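Below: one structure, written as structure tokens.
Indexing begins at 1, ligand by ligand and atom by atom, following the structure's order. Model, not experiment: these values are computed from the prediction.
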Amino acid sequence: MAKFSLFSDTSRRIAEADSVAVIGLGRFGSALAEELMSSGTEVLGIDRDEDLVQSFNGVLTQVVRGDSTKEEVLRQLAVDQFDRVVVAIGHDVQASILTASLLLQLKVPIIWAKAENEQHGRILEQLGVHHVIYPERTMGRRVAHLVRGAALDYLEIERGYSLAKITAPSSVRGIPLGQTAIRQKHGITVAAVASGRAGWHNADNSTVLSEGDRILIVGPTVSVEAFAQLR
Ligand code: ATP
């Protein structure tokens, strides 16, 4: 365990900043860790695979080889000092569950864990993991909506309620949004607009849409889907 003490001071320092510990640097964990880094969050990455750890050296704030199913490893790496920890282990369900239960025991305030399937997710939820994520299922659903309809991008915020980026259909162009009765007729709200190369801005009742404008719409999934089909 001596080797970890070399890291623990740095880990403690990272834990004090805007930081997240990511356990498991597979495709999901590494993408998440790199995105956090690029948005200014410090990341402690932990993986049991030496080659993987080497390859993230210098990419993340700190990256350490360790087995997260061992309590002493988590303590030595000061993982218990982090207020947000992501368990990005999917394939090895046992390691994921053991790690999550240790983190709960260590009273980490916010734990996110990736679930491989429904059964895995249920166990994580029953343990008390605060946020269980299903990347394959979520991505599959999202792509299904993109494949089916005219949406340029799509996000299901919660089951049954969605946000989509679409091209403004002709029926709502040319007059102020407030006069289109879009909410009454279609059950959706236009939240933002982007015209040409101009960036996004919030939409309001006086916003007039033109051909080619991209809009962000929110509403019940069925309404968002139906509206996205309009031309
Ligand atoms: P992805 O789809 O994100 O690549 P996966 O579910 O296919 O992930 P897993 O086998 O679940 O892959 O592991 C993701 C990472 O977690 C791997 O790099 C693996 O080395 C690491 N990992 C698995 N178990 C542990 C553990 N007990 N301690 C630390 N790291 C672990």
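For atom 4 (O) of ligand 1, the closest heavy atom belonging to the protein is R27 N, 2.8 Å. The shortest contact between atom 27 (N) of ligand 1 and any protein heavy atom is with D67 OD1, 2.9 Å. Considering only non-hydrogen protein atoms, atom 30 (N) of ligand 1 sits nearest to R48 N, 3.1 Å. Of the protein's non-hydrogen atoms, the one nearest atom 14 (C) of ligand 1 is A88 O, 3.7 Å. In terms of protein heavy-atom proximity, atom 18 (O) of ligand 1 is nearest to D47 OD2, 2.6 Å. Counting protein heavy atoms only, atom 8 (O) of ligand 1 is closest to K114 NZ, 3.4 Å. In this structure, the protein non-hydrogen atom closest to atom 16 (O) of ligand 1 is G24 CA, 3.2 Å.
Contacts between S96 and ligand 1 below 4.0 angstrom, taking non-hydrogen atoms only, are absent altogether. Neither the backbone nor the side chain of T99 comes within contact range of ligand 1; no heavy atom lies under 4.0 Å. For S68, heavy-atom contacts with ligand 1 shorter than 4.0 Å involve the backbone as well as the side chain.
Considering backbone and side-chain N/O of E136, none are found under 3.5 Å from N/O of ligand 1. Any N or O atom pair closer than 3.5 Å counts here, and H91 shares at least one such pair with ligand 1. In terms of N/O distances under 3.5 Å, ligand 1 is approached by F28. Close N/O approach between G90 and ligand 1 is found [any backbone or side-chain N/O within under 3.5 Å].
D92 and R48 are joined by a salt bridge, as a carboxylate oxygen and a charged side-chain nitrogen come within less than 4.0 angstrom of each other. Note on E71 versus R75: salt bridge recorded, some NZ/NE/NH1/NH2 to OD/OE distance being below 4.0 Å.
Remark: distances from the non-hydrogen atoms of G66 to ligand 1 include one below 4.0 Å.
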